[in-house]
Protein chains: 2
Amino acid sequence: MLTISQLAAYAGVTVRAVRHYHQVGLLPEPARDHSGYRTYGAADVVRLIRIRTLAEAGVPLARVQELLDASPSEFGAAVDQIDAELRAKVRELQEHRRRIAQLAAGDTLAVPAEVVTYLDRLRGAGVSTAMVEGERDAWILMAARWPEQIPEFMAEKNAQLDDPRTLRLYLLIDELNEAGLDDERLGAVADLMVEMNEESARRGDLDRQDGALGDDAFVALLDAFATSAHPMVERLQELMAERGWTGWIKMERA
Amino acid sequence: MLTISQLAAYAGVTVRAVRHYHQVGLLPEPARDHSGYRTYGAADVVRLIRIRTLAEAGVPLARVQELLDASPSEFGAAVDQIDAELRAKVRELQEHRRRIAQLAAGDTLAVPAEVVTYLDRLRGAGVSTAMVEGERDAWILMAARWPEQIPEFMAEKNAQLDDPRTLRLYLLIDELNEAGLDDERLGAVADLMVEMNEESARRGDLDRQDGALGDDAFVALLDAFATSAHPMVERLQELMAERGWTGWIKMERA
DNA sequence: CTTGACCTTGACGCGGCGTCAACCCTGCAC
DNA sequence: GTGCAGGGTTGACGCCGCGTCAAGGTCAAG
């Protein structure tokens, strides 16, 4: 007669595992000796080994029972099914690996590739890290809301950046962020923005934007985000309002 | 300002997940409105999306925090490590698949290939299913105790089976199992066993067996197993004892 | 008699939430 | 007013396969 640790040793499992199998009913509770110890025989070793064989092959414990007393054909079908489940898990993990491989650089985190390119262009042109991060976060939000439109949006953004005044705008705002709020230079920024908005309006860009950004609540959210990130935005909006323009992400004539 | 379900919708996660992230400290608890509702802003959406991006790439939640504010080089190292862990998991699952693929037929379950061949030979020679299953279980035990020696043992077993008297022994015992205990024919079985034992002894097989089966407790276990499986074994042992032989699995001159 | 190695039951922990339960708030239709 | 649907809140259990204490009782050896 065997004690639980001897049984476990013969089968190559832990004592705790044996007790677990008792608990879930996989292995019947054996008789006890005079002091309450469980006593096992050779048949228990056999059953335990067969359980382990299945468990180590990835069979969920809940299904081991049915497999142990299945006919060969049932057994084959069940094995096929379990193998299919294992395949699915493998695929899932492979997908994880694929994704994690794409997370090489910091920016790539949650940002589509087009946006990364755009952000790199900004950085390369001398725009500050803080500003680029703000842009990145804004585009994370955009990509969450309109994943399909991102290539479209980025094409337009890149086109805007071809106009040297756009870059000048970014750099001016960067400077002001460092230097502190200076109403005279802010005024110049606002003037520049108005000038470019007028041109956009003439080209009809604003109308197209109206269609694309058709979720007022979300636009409000983005505006609030911009305001909280850069206090200067609020002041700029006031100056723009004086010049007849409201909004921020989506600019409109008052 | 967003409610928790709006936040969750923007990031493409469940409300429960958001609350879980609060609980584990991944996402800071936001301010509450007058009725206790959580209120979120755009920055929370951004953070939540970045968390999801990592989580969906297979990063354990416990490590998401450190990855979110890691430098690019730290990030790269961590990503490498996580990828290694994912690879390990994949390998493990593949191993499971390999094993389960081997579990095609019933006998294969926990029995080495050599034994399967031997059992098939017995079955093919007309030995009963019950007897073959008993043999199988005994060999499961043997393989657990002496995995290395199994090929050796099976070679010997096969050699024994080349002697037609061995098969006759199996078939006789099968018959007696069905017909009930009949001392006269049992006597004939015992005589045959003695005869073969004597020959084994002359060839020196018994001495080699002594060396191989050097674990008395385990031999006792196997004997007990045989006895409990077939009540006839006990009677046979008595008859063998009268003829000067003791033991069962490991036979010795009294 | 002590020690150390075993046995017993009971309970928590892990990972990432899903899924009740039991209750409160809000806005709208009647 | 009242009722109802559809939000929100905290709290707790469940999953899976055990690992790992905790707090004892038992056994064989020195």
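In this text the structure is predicted, and so the values were computed from the model without any measurement. Below, read A as the first sequence line, B as the second, and so on, with proteins coming before strands; counting in each chain starts at 1.
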Charged N to carboxylate O under 4.0 angstrom, E95(B) versus R99(B)? yes
When rounded to whole Å, the OH to P distance for the pair Y40(A) and dC6(C) reads 16 Å
Any salt bridge linking K250(B) with D223(B)? Criterion: basic side-chain nitrogen under 4.0 Å from a carboxylate oxygen. no
With a 4.0 Å cut-off on heavy atoms, is R19(B) in touch with a base, just the backbone sugar-phosphate, or nothing at all? base
Quick one: do E92(A) and K89(A) make a salt bridge, cutoff under 4.0 Å? no
Distance test, side-chain N/O of T14(A) to OP1/OP2 of dG19(D), below 4.0 Å: yes
From the candidates dG8(D), dT26(D), dC17(C), the one with an atom nearest any side-chain atom of L61(B) is dC17(C)
Measure from CG on L54(B) to P on dG15(C) and round the result to the nearest Å. 17 Å
Below the 4.0 Å mark, does dG17(D) have OP1 or OP2 next to a side-chain nitrogen or oxygen of Y21(A)? no
Please report, rounded to the nearest Å, how far the C1' atom of dC13(D) is from the NE2 atom of H20(B). 15 Å
Does dG8(D) have its OP1 or OP2 closer than 4.0 Å to a side-chain nitrogen or oxygen of S5(B)? yes
Grab the CD1-C1' distance between I51(A) and dC18(D) for me, whole Å please. 14 Å
Does R63(B) place a side-chain N or O at less than 4.0 Å from the phosphate oxygens OP1/OP2 of dG15(C)? no
Using a 4.0 Å heavy-atom cut-off, does H22(A) contact any base of the nucleic acid, only the sugar-phosphate backbone, or nothing at all? nothing
Phosphate contact (dC7(C) OP1 or OP2) by T3(A) side-chain N/O below 4.0 Å: yes
N or O in side chain of H34(B) less than 4.0 angstrom from dT26(C) OP1/OP2: yes
Give a yes/no on whether any side-chain N or O of S35(A) is located under 4.0 angstrom from OP1 or OP2 of dC27(D). yes
Interatomic distance where CD belongs to Q23(B) and P belongs to dC17(C) [whole Å]: 12 Å
Closest listed nucleotide, where the reference is the side chain of R16(B) and the choices are dA12(D), dG16(C), dC18(D): dA12(D)
Euclidean distance, atom CD of residue E29(B) to atom C1' of dG8(D) [Å, nearest integer]: 13 Å
Does any part of the side chain of E114(B), heavy atoms only, come nearer than 4.5 Å to the side chain of F153(B), both counted from C-beta? no
With a 4.0 Å cut-off on N to O distance, would you call R123(B) and D120(B) a salt bridge? yes
Tightest non-hydrogen contact, residues G58(A) and I82(A), listed as O-CG2, 4.1 Å
Check the distance between dG16(C)'s P and L26(B)'s CG and give it to me in whole angstrom. 10 Å
In whole angstroms, the gap separating P of dG7(D) from CD1 of I4(B) amounts to 13 Å
Check whether any side-chain nitrogen or oxygen of R38(A) sits under 4.0 Å from OP1 or OP2 of dT9(C), and answer yes or no. yes
Under-4.0 Å side-chain N/O to phosphate OP1/OP2 contact, R32(A) with dT9(C): yes
